[in-house]
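Predicted model, so just to flag it, every value in this text is computed and none were measured.
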Protein chains: 2
Amino acid sequence: MGTIYDLAKKTGFSITTVSKALNNYKDVSEKTRAKILKAAAEMDYLPNAHAQSLSTKKSWAIGVMFSEANEVGMKHPFFNGIIESFRHATEEQGYDLIFASRNLRNRDMSYLEHFKHRAVDGIVVICSDRMDEQVQELMQSDIPIVVVDMDSANCSVVYSDNTEGARLAVNYLHDLGHRHIAHIAGDQTIDAGAARVKGYELAMGALGLPIEPGYLVNAGFFSVEEGKQAMEKLLDLESRPTAVFVAGDQMAIGAIEAIHERGLRVPEDISVIGYDDIEMIKYITPKLTTIRQDTDEIGEAAAELLIEQMTAKERRTERRVIPVKLIERASCAPVNN
Amino acid sequence: MGTIYDLAKKTGFSITTVSKALNNYKDVSEKTRAKILKAAAEMDYLPNAHAQSLSTKKSWAIGVMFSEANEVGMKHPFFNGIIESFRHATEEQGYDLIFASRNLRNRDMSYLEHFKHRAVDGIVVICSDRMDEQVQELMQSDIPIVVVDMDSANCSVVYSDNTEGARLAVNYLHDLGHRHIAHIAGDQTIDAGAARVKGYELAMGALGLPIEPGYLVNAGFFSVEEGKQAMEKLLDLESRPTAVFVAGDQMAIGAIEAIHERGLRVPEDISVIGYDDIEMIKYITPKLTTIRQDTDEIGEAAAELLIEQMTAKERRTERRVIPVKLIERASCAPVNN
DNA sequence: CAAAGTACCGAAAGCGCTTTCGGGAAGAGG
DNA sequence: CCTCTTCCCGAAAGCGCTTTCGGTACTTTG
């Protein structure tokens, strides 16, 4: 591969000139630039990124902190969509993503420490738990950062319009004639969970519908199993809801499972509407009606906000709320009694 | 944060001694090591990874080349499981993963070039298309490498026991009394696709079952839609199969969809068995019986093979075939005629 | 008590690159 | 013909770290 020293020797110029030629400096003649570029191509020269970063203080790397409650990592059906889109957007600008481990050669360190060690230009955190100390630490650092799916006053964030999504869901069910609408909520310590609850309450209020006792059930961290258990509680109620707005698709899958196990039908007996629009819900029975979060848009917005900061080399704090959309499938129907 | 120069100034020792203290060299007394470590902690010192890599020629980074036919990237329900497990295994050893873009500041370069530029210690390629030029280039380089889900004589590889998986599937259907067993195959240019076809043919032969005309249908790149189309071809046949072994879960989902659309039932009219055991098939109706590929095991094996090479600093070529398992669910039943 | 270890420490070179600054040569202007 | 620009180029310092190679000072050993 060789270094600029080899190139210098080969072409007879100094390493200064070689470096300048490679970096399109104006003070090197076209003729010598051509010679140097030719020689570089011949010997398959590639600049060493570490050396470059060392001297320029820019690494063209973005640190990814990815963490969610269920420990599924990249298998997370919603977050991985965001990452993928983020990756595309940053890739176009020449940035590489680095997934840092928390341990550096047996000594373990925080994400922030690791990112500083790696000298990344910026950080993206995709995380739902705002209480996570690691996340707190990152948000308080002075490295350019963007946080996804969580709100914060002192760093750039992007998330979906959760209250509006909840409103869409509730109104849709109301339009179908439902008046007994329950909500299976995600954990309140998670922004998305809390916002959807708030949206549910607001929408119900605006429609003049009471939230009947037991109709608001907290299901935890958005897993199928938790959704199922929550639904069972609703089914045990004396006055069952005719429709339920579930704060996540996976929980909705669990809810439907619970309903089926009681011998009831979706949507004939109970309508279910989910949240997220993850891939698999197109293939379950019935196909799930849901509120789609635009993962492409979210990832792109995150990339944009971060790149902005990195090129300006300063932290900024901007909030981007991405619109949601109701996707009508087959799990909701007009109320039948 | 500071550098070792700051540490040297603060403690009164030379940078040499500081560096040695930090790196546990034997020729520095416990007393001075303690002083230096204390000072390092006080000023939140962190070594600069670029400087370290530059001087040690070791970057503690693994380049990830991730590519599949359907362009879904990290959303790929099978590959992302492998990545996740690979990540865990390498993380424990202190390696970071870097997802490289193909363009370096507007000039675009190959993955190999980019990885050389970044001076990664090793490469993992998770890719199904053996004809991909980029992959070819990587496999022929001299950087430690491990390839997943693909066979090759000249680099370390790990993949599932596809022929055995196919055998398991066919035998299972045979045990249920089926004699008219079709196969919806993945593309033959992909190793996994080819191996499963081979396994199907072998197993059928061993059982003395003929492969009836039209029973082997190629469905392309493992997508739901392609699976559906393939199944439609089978349903158009004069002598329909009573069971079908599908080379991928997503295709199986499509196949079931096709069957349902014809007003037929799974498994009462036609049994379907898939391949992979991706998350979502537990939630479709009927729950899909399938051949499970152990993504955890695959990822770990890949990590192991790669780390071995990286520590030895030499390319090796080892083949690791991971066993598969039949997961019985609800999409197969005894033949009923 | 001299010779030979042993324990600690530091100077300096090197990793591969960028960037400032100055200087020589050639062309422009008077 | 002399001065002032403009155009090219290179010396050298610097980025933050590792590692070799000596060199003291201090113990052992015979």
Side-chain angles (χ1 to χ4, degrees), chain A residues 1-37 39-40 43-61 104-105 107 113 115-121 313, chain B residues 1-37 39-40 43-61 104-105 107 113 115-121 313:
Chain A
M1 266 199 29
T3 71
I4 53 172
Y5 287 88
D6 301 321
L7 272 179
K9 197 171 300 169
K10 181 166 177 176
T11 59
F13 293 101
S14 72
I15 61 158
T16 306
T17 304
V18 170
S19 172
K20 285 179 176 173
L22 259 20
N23 291 292
N24 294 317
Y25 272 61
K26 286 300 149 216
D27 62 343
V28 28
S29 73
E30 267 316 318
K31 201 180 297 182
T32 85
R33 178 197 314 290
K35 275 187 202 162
I36 291 173
L37 259 39
M43 63 189 287
D44 287 323
Y45 169 80
L46 284 175
N48 179 304
H50 298 299
Q52 284 187 154
S53 307
L54 192 55
S55 98
T56 58
K57 308 283 195 188
K58 167 119 190 159
S59 63
W60 291 100
L104 167 63
R105 221 55 204 123
R107 150 164 152 60
E113 287 176 324
F115 288 145
K116 281 188 170 171
H117 164 68
R118 283 280 183 196
V120 299
D121 294 335
K313 287 191 186 267
Chain B
M1 268 199 29
T3 71
I4 52 171
Y5 287 89
D6 301 320
L7 271 179
K9 198 171 299 169
K10 180 165 178 178
T11 60
F13 293 100
S14 71
I15 61 158
T16 307
T17 303
V18 170
S19 172
K20 285 179 177 174
L22 262 19
N23 291 293
N24 294 315
Y25 272 61
K26 287 298 149 216
D27 63 343
V28 31
S29 73
E30 268 315 318
K31 201 181 295 182
T32 85
R33 179 199 312 289
K35 278 187 201 162
I36 291 172
L37 259 38
M43 65 189 288
D44 287 324
Y45 168 81
L46 284 176
N48 179 302
H50 298 300
Q52 279 182 321
S53 306
L54 192 54
S55 99
T56 59
K57 307 286 196 184
K58 166 118 189 161
S59 63
W60 293 98
L104 168 64
R105 225 50 209 127
R107 148 163 153 62
E113 286 176 324
F115 288 145
K116 282 188 169 173
H117 164 66
R118 282 279 183 194
V120 299
D121 294 335
K313 291 196 183 258

Distance, rounded to the nearest Å, where [X] contributes [atom1] and [N] contributes [atom2]:
{"X": "A:I4", "N": "C:dC15", "atom1": "CD1", "atom2": "C1'", "answer": "12 Å"}
{"X": "A:K31", "N": "D:dC7", "atom1": "NZ", "atom2": "C1'", "answer": "13 Å"}
{"X": "A:N23", "N": "D:dC8", "atom1": "CG", "atom2": "C1'", "answer": "17 Å"}
{"X": "B:H50", "N": "D:dC17", "atom1": "NE2", "atom2": "C1'", "answer": "13 Å"}
{"X": "B:I36", "N": "C:dG10", "atom1": "CD1", "atom2": "P", "answer": "8 Å"}
{"X": "A:L54", "N": "D:dC15", "atom1": "CG", "atom2": "P", "answer": "9 Å"}
{"X": "B:K20", "N": "D:dT19", "atom1": "NZ", "atom2": "P", "answer": "11 Å"}
{"X": "A:E30", "N": "D:dC7", "atom1": "CD", "atom2": "P", "answer": "13 Å"}

[X] side-chain N/O to [N] phosphate OP1/OP2 under 4.0 Å:
{"X": "B:N48", "N": "D:dC15", "value": "no"}
{"X": "A:K57", "N": "D:dG16", "value": "yes"}
{"X": "B:T32", "N": "C:dC9", "value": "yes"}
{"X": "A:Y5", "N": "C:dT18", "value": "no"}
{"X": "A:Y45", "N": "C:dC17", "value": "yes"}
{"X": "A:Q52", "N": "C:dT18", "value": "yes"}
{"X": "B:T56", "N": "D:dT18", "value": "no"}

_Can you tell whether the side chains of A:E30 and A:R33 come within less than 4.0 Å, N to carboxylate O?_
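Salt bridge flag = yes for A:R33 with A:E30.
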May I ask you to say what [X] touches in the nucleic acid, namely base, sugar-phosphate or nothing, with a heavy-atom cut-off under 4.0 Å?
{"X": "A:T3", "value": "sugar-phosphate"}
{"X": "A:T16", "value": "base"}
{"X": "B:S19", "value": "base"}

*State which of C:dT19, C:dG10, D:dT19 makes the closest approach to the side chain of A:Y25.*
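The closest nucleotide is C:dT19.
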_Candidates C:dC8, C:dG10, C:dT20 - which lies nearest the side chain of B:S29_ =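 Of the candidates, C:dC8 comes closest.
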*asked:* Between B:S55 and A:F13, which residue's closest nucleotide on DNA chain D lies nearer the 5′ terminus?
replied: A:F13
*Between B:A51 and A:S14, which is nearer to the 5' end of DNA chain D once each is assigned its nearest nucleotide?*
A:S14
_A side-chain contact here means heavy atoms from C-beta on lying under 4.5 Å apart; do A:F13 and A:L7 qualify?_
no
_I want to check something: taking the side chain as every heavy atom from C-beta on, are B:T17 and B:T11 in contact at a cut-off of under 4.5 Å?_
no
*Verify, without hydrogens or angle tests, whether A:H50 (side chain) and B:R118 (backbone) share a donor-acceptor contact under 3.5 angstrom.*
yes
*Is there a donor-acceptor pair closer than 3.5 Å between any side-chain N or O of B:S59 and the backbone N or O of B:A119?*
yes
*Is there a donor and acceptor pair, one atom on the side chain of A:D27 and one on the base of D:dC7, closer than 3.5 Å?*
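By the distance-only test, no, there is no pair.
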*Closest heavy-atom contact between A:T32 and A:V28?*
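Where A:T32 meets A:V28 most closely, the heavy atoms are OG1-CG2, 3.0 Å.
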